[in-house]
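Worksheet for the structure shown next.
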Amino acid sequence: MNATQWILFILIVQVIHFLGTWKLYVKAGRKAWEAAIPVYNAIILMQIINRPKWWVILLFIPIINLLMFPVIWVETIRSFGRHSLVDTWLVILTLGFYIYYVNYSLDVTYVEERSLNPRSVAGEWVSSIVFAIVAATLVHTYFIQPYVIPTGSLERTLRIGDLLFVSKFHYGARTPMTAVAAPMVHDTLPVVGLPSYLRKPQIPYFRLPGFKEIKRKEIVVFSWPADTVRQFHKREAGVKKPIDKKSNYVKRCVGIPGDSLQIIDGFVYANGKQLELPDRARPMYNHIVTVDKDIASYMKILGRENLRATVMKVPASVYEKNNATEIIRAAALNEIKRDSSFTYYVGNISDQRIANFLEVTPAANMAVFNLVADEAPEMEGKNGIVSVERFNEKSAHTRVFPHDRAHAGTVDNFGPFYVPKRGGTIPLTVNSLPWYKKIIKDYEHNTLGVKGNQILINGEVADSYTFQQDYYWMMGDNRHSSEDSRMWGYVPENHIVGTPIFIWMSFDNFVNEKGAMNKPWQWKPRWDRIFTTVNGTGQPVSYFKYFLVALAAWIGFDYFRKRKKSKS
C-alpha cells in the first residue's frame, strides 16, 4: 500500500469508528462529532473508558495496535455495563463490530465510576498476561530481539549455538511493514507450522532515528534479500515473503554505501586499501594440509570438525559434471563408492579432478581443513605437519554474483564493483547492468528492459541511474563456508534489522553433522562465552559470575525487605 492508499484506509477506519460509537459518546456526556475527529476521538475515548491518554500512542504503533484494539473494544462495552463473558467473546470474535449492536440496539447506561479491577482471578490473570505480551512485543519489535546463531558463517567470531541480544535501536528500529502478524514470532507459527502473518496490507518502509550509522567491519543482522523459503532451514522454490518476514541473517559489513570493493586472494579491499578486521574477528579459510603420514592420524591435532565434511553425500550428477566447487564444498575427498544416485567422499585428496581444482598433485597424505587464519601457519612444521597452505579459488565461474559471464569471479577473487549510495548516480551500460539490475527491478520497483545496446527503465531509454536507498556488502568471517553477498549481492538499507551486542548464552553441540538442531539435553554450555559482549577489543570477558553475584544480592535484599515489611 502506498501513502495515498493508507490515508484512504485510515479515513475508512475513522468512518467505521464514528458510525459504531457516536451514540455511546453522547451517552457518556460527549458530543457526537467528537467520535469523528481522528486522534482526538481516541483521546476522548480513553477518557470515556477511564484509561490513560498515553494508550493512544499504542494504537498507532504497528503490531502493538493489533494487541490493543481488542483491549479497547472490551473496555468500551464494559464502560456501558456489558461485563458478561458472552459480551467479551462477541466483541472480540466480531472484530469490534459487536459495538454497533450495543450502540444502536441496546439501551445501555454509561458507568462513569467503573471499577478497573478484575472481577475474578481468571480476569486478573488475563489482564496480567495481556500487559506482559504488549510490553514484551514492544521491546522485541523496537528495542532488543533475541537471536540464535544457527550456521557457521561467522565461525569462530560468533559460533553456532550462541544466543544473542540484537539491538534494533543502534541503527534505528525498522517499524513493521507487515500490518497483520502474530506478536514475537517471525515467519512461522510454532507447532502448526503456518505463516505467522498476512501478506497484505503492507505498511510503507519507515525507520526510527538511531544514534549511529553502520560502519565497515561491524556485525549486522539483516533480512536475507534472497530469501525464498517458507521457513528457515526448509527450502522451497519461489516463496515470496514481505521484507520484514524474510529469514534473518548475521554477517559482517565489509562495504558501506559509496565504497569501491574488490576481493583479491580472499582479502577484501575497500577503496584500494586492504580491510583489517577487528582483533576479536577470527576469520577462517580452507587450507590444504600435507602431513608425513596418512591424514587420518592427524584428526586429533587438526580437529575432525575442521575437516571439510568427514562424511557427506554428493549427487552422482554433480560429480559427473566435474562441478569441483560444489564437490569441495560438500566433502574432502577420498574413497569413492558409487551407486545409482550418490557418490561418497571421505578423508583425503586422491581424486584427480578434485586435485586439479585445488591445483595440487593427488595424494593420500593431503586433505582440506577449515582453519582459523592466524592459527594455521603456526601448525606448519610441528607434529609431522609438512605444510599448511591457504586455499585460493582462482578459476572464475558464474555461480557468484552477478551470475554473468562478463563478470565471472570466485569467492576469493571478485570484482571490482561499486556499492550503491542513496542519491548516487552511475553511468549505465549493457556491460555494467548485471551488477544493478536486481536493485533497479526488485528493490526499487522499476520496469527494466534491454533492446540491443539500449537500456529501458520504465519504458524510457536510460544511460544512467540514481539510487533511491543505501546498500551494503555483507560477508561471513568463515570465508569458504558462508552464503553471503558474494552469492546474492547487495543488502538494501530497508533490510537492515540491527546489530548483536551481547551473548547471553552459548551451547556447544547445538546442531548435528547434518545441520539439524540437537535435543536440548545434548547441548553443552560454553561457560567462557556466556554473558560476553560481541563488540569491543581484546579477548571477550564473561560477566556471568558478576551477574550471579548481583542476582544473589538482589534475592537477599528482597528477602529481608519483605521480612521487615511483614513484621511492621
Side-chain angles (χ1 to χ4, degrees), residues 214 216-217 220 222-228 243 246 249 251-275 325 393-476 479 482-496:
I214 298 175
R216 282 186 219 95
K217 302 184 284 188
V220 180
F222 55 92
S223 303
W224 180 26
D227 189 12
T228 57
I243 291 174
K246 292 182 177 181
Y249 263 32
K251 308 287 182 186
R252 190 181 299 278
C253 176
V254 298
I256 60 175
D259 276 352
S260 177
L261 289 187
Q262 188 171 9
I263 303 173
I264 303 174
D265 296 338
F267 297 107
V268 178
Y269 289 78
N271 306 316
K273 295 182 179 180
Q274 184 176 332
L275 195 67
T325 299
E393 185 182 0
K394 295 181 179 179
S395 300
H397 51 76
T398 58
R399 290 183 294 279
V400 294
F401 185 81
H403 313 293
D404 182 80
R405 289 184 179 180
H407 304 284
T410 74
V411 295
D412 292 315
N413 294 277
F414 191 99
F417 59 98
Y418 170 72
V419 182
K421 182 177 183 179
R422 182 192 295 113
T425 301
I426 57 162
L428 203 58
T429 65
V430 173
N431 181 62
S432 65
L433 180 62
W435 289 102
Y436 310 111
K437 64 181 181 181
K438 188 171 183 63
I439 290 177
I440 296 171
K441 288 178 58 179
D442 298 339
Y443 301 150
E444 301 194 354
H445 311 296
N446 299 285
T447 60
L448 179 65
V450 177
K451 289 186 177 180
N453 289 324
Q454 285 189 331
I455 298 172
L456 303 177
I457 298 179
N458 298 324
E460 298 183 2
V461 177
D463 58 6
S464 65
Y465 185 77
T466 301
F467 298 100
Q468 300 171 19
Q469 63 176 317
D470 288 332
Y471 293 84
Y472 300 88
W473 195 262
M474 307 289 185
M475 288 173 55
R479 291 297 166 80
S482 175
E483 184 176 349
D484 51 36
S485 287
R486 294 170 294 178
M487 302 297 129
W488 35 256
Y490 306 102
V491 175
E493 190 269 342
N494 62 7
H495 282 57
I496 299 298

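If you read the sequence from its start, that first residue is 1, and numbering goes on from there. Below, each value reflects all heavy atoms present in this structure, side chains not excepted, and no hydrogens, waters or symmetry copies.
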Original post:
Which is it for Lys438 and His403 under the side-chain contact (heavy atoms from CB on, under 4.5 Å) test, yes or no, and what are the steps along the way?
Top reply: CA-CA 11 Å; Lys438 188 171 183 63; His403 313 293; over 6 Å; no
**OP:** Begin from the C-alpha positions of Ser482 and Lys251 and carry the test side chain to side chain donor-acceptor pair (under 3.5 Å) through to its verdict.
**Re:** CA-CA 9 Å; Ser482 175; Lys251 308 287 182 186; 3.2 Å; yes
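Taking CD1 of Ile426 as the reference point, atom OG of Ser432 lies at 5.5 Å (rounded to 0.5 Å). Atom OH of residue Tyr436 and atom CD of residue Glu444 lie 12.5 Å apart, to the nearest 0.5 angstrom.
The shortest side-chain heavy-atom distance between Asp463 and Val461 does not fall under the 4.5 Å cut-off. The closest side-chain heavy-atom distance from Ile439 to Pro420 is below 4.5 Å. At least one side-chain heavy atom of Ile243 sits under 4.5 Å from a side-chain heavy atom of Asn494. Side-chain contact between Lys217 and Leu275 is present, with heavy atoms from C-beta onward closer than 4.5 Å. When side chains are defined from C-beta on, Tyr472 counts as touching Ile496, because their heavy atoms get closer than 4.5 Å. Side-chain contact check for Val450 versus Leu433: some heavy-atom pair is nearer than 4.5 Å. A heavy-atom distance below 4.5 Å is found between the side chains of Val220 and Met474. By the 4.5 Å heavy-atom criterion applied to side chains, Ile455 and Leu448 are counted as neighbours.
The shortest non-hydrogen separation linking Ile457 to Ala462 is CD1-CB, 3.8 Å. The two residues Lys246 and Pro225 have their closest heavy-atom pair at NZ-O, 3.2 Å. What you find for Arg479 and Arg486 is that their closest heavy atoms are O-NH2, 2.8 Å. Taking each heavy atom of Val491 and Ser485 in turn, the nearest pair found is CG2-OG, 4.3 Å. Between Gly452 and Val430, the shortest heavy-atom distance links the atoms O-CG2, 4.0 Å. Among all heavy-atom pairs drawn from Thr410 and Glu393, the shortest one is OG1-O, 2.6 Å.
Between Thr429 and Asn431, the side chains place no donor N or O within less than 3.5 Å of an acceptor N or O (distance only, hydrogens not considered). Looking at Tyr465 and Asn446, their side chains do bring a donor and an acceptor atom within 3.5 Å of each other.
Taking the six-membered ring for Trp and the full ring otherwise, Phe401 and Phe417 have centroids separated by 6.0 Å or more.
Applying the ring-ring contact (aromatic ring centres under 6.0 Å, His included) test to residues at least two apart or on different chains, the pairs with a partner in residues 441-461 are Tyr443-His495.
Residue Trp473 forms a ring-ring contact (aromatic ring centres under 6.0 Å, His included) with just one option from Trp435, Trp488, Tyr490, and that option is Tyr490.
Evaluation of the salt bridge (charged side-chain N to carboxylate O under 4.0 Å, His left out) rule for Arg252 yields Asp477 as partners, not counting sequence neighbours. The salt bridge (charged side-chain N to carboxylate O under 4.0 Å, His left out) search around Lys437 returns none, not counting sequence neighbours. Evaluation of the salt bridge (charged side-chain N to carboxylate O under 4.0 Å, His left out) rule for Glu493 yields Arg207 as partners, not counting sequence neighbours. Partners of Asp412 by salt bridge (charged side-chain N to carboxylate O under 4.0 Å, His left out), not counting sequence neighbours: none found.
With salt bridges taken as basic N to acidic carboxylate O contacts below 4.0 Å, one links Asp470 and Arg422.
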Tell me which donor-acceptor pairs under 3.5 Å the side chains of residues 259-268 have, and how far apart each pair is, sequence neighbours excluded?
| unit_1 | atom_1 | unit_2 | atom_2 | d |
| --- | --- | --- | --- | --- |
| Asp259 | OD1 | Arg216 | NH2 | 2.8 |
| Asp259 | OD1 | Asn271 | ND2 | 3.0 |
| Asp259 | OD2 | Arg216 | NE | 2.7 |
| Asp259 | OD2 | Ile256 | N | 3.0 |
| Asp265 | OD1 | Asn392 | ND2 | 2.7 |

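The neighbour count for Glu460 CD, taken as heavy atoms of other residues, nucleotides or ligands under 6.0 Å away, does not exceed 12.
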